[in-house]
Number of protein chains: 2
Amino acid sequence: MKAPASAPTPGSVAEPPEPRWLTDDEQRVWRSFMEGVTLLDDHLDRQLQRDAGMPHVYYGLLVKLAEAPRRRLRMTELAMLAKITRSRLSHAIARLEKNGWVRREDCPDDKRGQFAVLTNEGYEVLRQTAPGHVEAVRQAVFDRLTPEQQKSLGEIMRIIAEGLQPAEAGADLPWLR
Amino acid sequence: MKAPASAPTPGSVAEPPEPRWLTDDEQRVWRSFMEGVTLLDDHLDRQLQRDAGMPHVYYGLLVKLAEAPRRRLRMTELAMLAKITRSRLSHAIARLEKNGWVRREDCPDDKRGQFAVLTNEGYEVLRQTAPGHVEAVRQAVFDRLTPEQQKSLGEIMRIIAEGLQPAEAGADLPWLR
DNA sequence: GGCCCCTCCTTGAACTTTAAACAAATGCCC
DNA sequence: GGGCATTTGTTTAAAGTTCAAGGAGGGGCC
């Protein structure tokens, strides 16, 4: 009599299923991914800290504001765009406000609401530091990849991003915590 | 008379070169990348904080130690493998030591040196939490990508990672700071 | 209106990371 | 050996992030 084909769980006792370990190939991919992300994060944070006096995330917030109509966004909306928690955003905006780059405004429609508004000074910082930042991103990423790789990277990361923010209610999304 | 073909710098005054802005396609790629990375980082940090009581980076340190001969590594070597600064590593190991998951040992050959050694308790934590972590990584990444995309992602991120740690002396690498 | 639940945003404490400075040991050059 | 730059790792303080809690307003339901 042959052993069952789907074998590794013997006996009648309930056992945890054997974890689906990563293959060697998958491990190599995952390691490259983590190393690349870690180094890139470090690199861009450092570049922006040096040239713009703020971390990458904060810079990203100013960019979102600059692109928004009337250069303003509700806090939760901004948190959602930046994929961060509202708490983190509150602290970040507080610091950017202290720098004079952002100002808060009450929302007339909803007294709980706050707008974060990009100031002229904030816009000016962005204008002056954007070229250096773009250049850093180019050097580190786009200049090294073929057009096919760029396209592929975009698709892959979009899939991952969308997978982590499912449409269903009850998803554990940072800006809803 | 026609304008020069490579035109945008007029007159004889030296001007900064027009920055090489990202095209719309490139911007979309870059945004997907940042969003995916931000959400993934958040997701894994949260999963590990909940199930293993430590952030993703700390978990990664334990993994590196588990894979090393005699489950130990010199501090700088570990920082290099994890792509982080020695300062950050010092703090991290201090905390892991407080948890009893890592222990420090003097290096006999170099009195400045320290080994970080994975304890049996640390190994045990790893053994118990690894399946959950692998599962999270699978769900978020590998299960969503075709084999071609996985391969592509590996190549792309390896290129980026290598680009950020050039062989030349004087490179600004975290573990040399 | 009164009640309850939910959303919006902030706060303070604990924790993690960065930045700068430092002590000790090494290694090199003479 | 003596001097000096470099390497190794830690430490302190400041900055940033997470976590849990909470105040205040909105909105539905009775």
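All chains are named by letter (A, B, ...) in the order of the sequence lines, taking the proteins before the strands, and each is independently numbered beginning at 1.
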Q. Just checking Arg50(B): base, sugar-phosphate only, or nothing, at a heavy-atom cut-off of under 4.0 Å?
A. nothing
Q.
Between the base of dT17(D) and the side chain of Thr85(A), is there a donor and acceptor pair under 3.5 angstrom?
A. no
Q. Do side-chain atoms of Thr119(A) reach the backbone of Gly100(A) as a donor and acceptor pair under 3.5 angstrom?
A. yes
Q.
Over all strands shown, is Tyr58(B) touching base, sugar-phosphate only, or nothing at heavy-atom distances under 4.0 angstrom?
A. sugar-phosphate
**Q.** Phosphate OP1/OP2 of dC9(C) contacted by Arg104(A) side-chain N/O (<4.0 Å)
**A.** no
Q) Do Gln47(A) and Asp51(A) have side-chain N/O donor and acceptor atoms under 3.5 Å apart? A) yes
(Q) Ignoring hydrogens and geometry beyond distance, is the side chain of Arg112(B) in donor-acceptor contact with the base of dT26(C) at under 3.5 Å? (A) no
Q: Considering just the side-chain nitrogens and oxygens of Arg88(A), establish if one lies under 4.0 Å of OP1 or OP2 belonging to dG16(D).
A: no
(Q) Check this one for me: any side-chain N or O of Arg177(A) less than 4.0 Å away from OP1 or OP2 of dC19(D)? (A) no
Q. Ion pair present between Glu26(A) and Arg28(A), side-chain N to carboxylate O less than 4.0 angstrom?
A. no
Q: Check whether the side chain of His91(A) and the base of dG12(C) form a donor-acceptor pair under 3.5 Å.
A: yes
Q: Between Gln49(A) and Ser90(A), just flag the one whose closest nucleotide in DNA chain C comes earlier from the 5' side.
A: Ser90(A)
Q | Residue pair Val125(B) / Glu121(B), side-chain heavy-atom distance below 4.5 Å | A | no
Q. How would you label the contact of Asp45(B) with the nucleic acid (heavy atoms, under 4.0 Å): base, sugar-phosphate, or nothing?
A. nothing
Q) Is any side-chain nitrogen or oxygen of Ser87(B) closer than 4.0 Å to OP1 or OP2 of dA20(C)? A) no
